[in-house]
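A short worksheet on the structure shown next.
The first residue of the sequence shown is numbered 1, and numbering continues consecutively from there. The structure presented is a predicted model; accordingly, all values stated were derived computationally and were not measured.
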Amino acid sequence: MTIKVGDKLPSVTLKYMNKDGMQTATTDDLFKGKKAVLFGLPGAFTPTCSAKHLPGFVTHADDLKKRGVEVIACLSVNDAFVMDAWGKAQNAGEKVMMLADGNADFAKATGLTMDGTGYGMGLRTSRWAMVLEDGKVRTLNVEAPGAFEVSSAEAVMKTL
């Protein structure tokens with residue numbers, strides 16, 4: 001079953017890097033009591049993800065914060081080391097939290113999966129963006145396969 005507007009995020013453990021090294025946190029820990037934008041994409045360092053999706057959220061981070069967003073997080077089925085390196089390469093800094101869903105636990109729990117085996121990528125998260133309030137989904141924009149229209153930073157800002 002795919003997550004939908006009004007649903008609470010499933011409690012899933014994710015990993016990320018910070019100045020103290022690798023960290024582990026649940027979605028409950030990350031989003032409880034906060035207004036957040038969480039977006040998912042098929043892979044770090046992949047073409048659309050690197051040229052458009054993540055850069056849009058880095059560029060518009062201040063605009064999102066002005067609209068009350070406290071956390072902006074990018075999630076992909078990669079390990080925390082890759083997500084950290086990609087965040088550094090994209091100058092995400094403190095603007096966008098880079099979350100690793102290494103085993104696709106979040107992708108599977110939300111039904112937001114993409115089968116990339118034909119491309120040698122295995123099971124991934126599809127391309128999407130959601131606005132969360134206190135861990136509940138307030139908006140959810142899921143892209144059609146191969147599209148990049150409704151999950152951009154600009155599209156999310158229109159929903160705030």
Side-chain angles (χ1 to χ4, degrees), residues 1-12 14 16 25-78 82-84 86-101 104-116 119 121 123-160:
M1 181 173 105
T2 303
I3 197 166
K4 62 189 180 309
V5 171
D7 288 350
K8 183 181 181 307
L9 279 185
S11 184
V12 175
L14 302 168
Y16 64 96
T26 66
T27 49
D28 297 327
D29 298 332
L30 295 169
F31 303 115
K32 184 177 179 154
K34 297 177 183 148
K35 185 173 187 176
V37 172
L38 175 62
F39 64 101
L41 37 78
F45 295 104
T46 58
T48 301
C49 303
S50 292
K52 297 177 182 176
H53 209 169
L54 176 57
F57 283 96
V58 172
T59 298
H60 293 291
D62 291 338
D63 296 326
L64 289 162
K65 300 276 177 147
K66 287 176 187 171
R67 289 175 164 88
V69 174
E70 299 167 76
V71 176
I72 304 166
C74 174
L75 179 140
S76 187
V77 179
N78 291 109
V82 169
M83 291 301 286
D84 184 54
W86 189 42
K88 288 175 180 170
Q90 292 283 327
N91 297 309
E94 298 293 316
K95 293 179 178 186
V96 177
M97 181 178 221
M98 305 300 288
L99 297 173
D101 185 23
D105 294 334
F106 183 89
K108 290 184 270 190
T110 58
L112 296 170
T113 59
M114 177 194 92
D115 183 358
Y119 305 102
M121 296 171 66
L123 182 70
R124 297 290 178 122
T125 191
S126 55
R127 187 178 307 282
W128 49 267
M130 59 178 75
V131 175
L132 305 168
E133 289 182 16
D134 193 25
K136 286 189 179 179
V137 180
R138 293 298 171 220
T139 63
L140 175 61
N141 301 337
V142 180
E143 297 285 1
F148 181 64
E149 298 167 3
V150 299
S151 65
S152 68
E154 296 83 359
V156 169
M157 286 192 298
K158 290 177 184 174
T159 70
L160 295 172

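- The two atoms that bring Ala155 and Val150 nearest to each other are CB-O, 3.4 Å, heavy atoms only.
- Legend: residues meeting side-chain contact (heavy atoms from CB on, under 4.5 Å) with Thr2, ordered by chain and number and at least two apart, are Leu112.
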Please step through side chain to side chain contact (heavy atoms under 4.5 Å, CB included) for the pair Thr26 and Leu14, ending with a clear verdict.
-> CA-CA 6 Å; Thr26 66; Leu14 302 168; over 6 Å; no

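- Listed here is the closest heavy atom pair of Arg127 and Ser151: CG-OG, 3.5 Å.
- Residues meeting the salt bridge (Lys or Arg N to Asp or Glu O under 4.0 Å) test with Asp134, sequence neighbours left out: none.
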Start with the C-alpha distance between Leu123 and Val77, add both sets of side-chain angles, then the distance that settles side chain to side chain contact (heavy atoms under 4.5 Å, CB included), and finish with yes or no.
-> CA-CA 8 Å; Leu123 182 70; Val77 179; over 6 Å; no

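- Closest heavy-atom contact between Arg124 and Pro42: NH1-O, 2.8 Å.
- Residues Ala44 and Asn78 share a closest heavy-atom pair of N-OD1, 2.9 Å.
- Scanning for salt bridge (Lys or Arg N to Asp or Glu O under 4.0 Å) contacts around Lys136 gives an empty result, with sequence neighbours left out.
- Annotation: ring pair (Phe, Tyr, Trp, His ring centres under 6.0 Å) contacts of Phe148 (sequence neighbours excluded): His53.
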Please report the C-alpha distance between Asp28 and Lys8 in whole Å, then the side-chain angles of each, then the deciding distance to 0.1 Å, and finally whether the side chain to side chain contact (heavy atoms under 4.5 Å, CB included) criterion is met.
-> CA-CA 10 Å; Asp28 297 327; Lys8 183 181 181 307; 2.9 Å; yes

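- Rounding to the nearest 0.5 angstrom, the gap separating the NZ atom in Lys158 from the OG1 atom in Thr139 is 13.5 Å.
- Among residue pairs with one or both ends in residues 32-61, none qualify as salt bridge (Lys or Arg N to Asp or Glu O under 4.0 Å); sequence neighbours excluded.
- No side-chain heavy atom of Lys95 sits less than 4.5 Å from a side-chain heavy atom of Thr59.
- Between Pro10 and Ile3, the closest side-chain pair of non-hydrogen atoms falls below 4.5 Å.
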Dump the intermediate steps for side chain to side chain contact (heavy atoms under 4.5 Å, CB included) on Ile72 and Lys65, then the final yes or no.
-> CA-CA 9 Å; Ile72 304 166; Lys65 300 276 177 147; 4.0 Å; yes

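- Under the side-chain hydrogen bond (donor to acceptor under 3.5 Å, both in side chains) criterion, the residue pairs touching residues 38-50 are Ser50-Trp86, with sequence neighbours excluded.
- Of the inter-residue distances, the one linking Leu9 atom CG with Leu38 atom CG reads 6.5 Å to the nearest 0.5 angstrom.
- Taking Asp7 as the reference, Lys4 meet the salt bridge (Lys or Arg N to Asp or Glu O under 4.0 Å) condition, with sequence neighbours excluded.
- Applying the salt bridge (Lys or Arg N to Asp or Glu O under 4.0 Å) test to every pair with at least one member in residues 138-155, sequence neighbours left out, gives these pairs: Glu133-Arg138.
- Within the 4.5 Å cutoff, the side chain of Thr125 has no heavy atoms near those of the Phe39 side chain.
- Applying the side-chain contact (heavy atoms from CB on, under 4.5 Å) rule to Ala25 yields the partners Tyr16, Asp29, Leu30; only residues at least two apart in sequence or on another chain are considered.
- Residues Pro55 and Cys49 share a closest heavy-atom pair of CD-O, 3.5 Å.
- Taking each heavy atom of Val37 and Phe57 in turn, the nearest pair found is CG1-CE2, 3.6 Å.
- Atom CE of Met98 is separated from atom OG of Ser76 by 8.0 Å, given to the nearest 0.5 angstrom.
- With sequence neighbours left out, Lys88 forms a salt bridge (Lys or Arg N to Asp or Glu O under 4.0 Å) with Asp84.
- You'll find the side chain of Cys74 reaches within 4.5 Å of the side chain of Met83, heavy atoms only.
- Legend: side-chain hydrogen bond (donor to acceptor under 3.5 Å, both in side chains) pairs involving residues 104-115, not counting sequence neighbours, sorted by first then second residue: Asp115-Thr117.
- Under the side-chain hydrogen bond (donor to acceptor under 3.5 Å, both in side chains) criterion, Asp101 pairs with no residue, sequence neighbours left out.
- Around OH of Tyr119, the count of heavy atoms belonging to other residues, nucleotides or ligands within 6.0 Å does not exceed 12.
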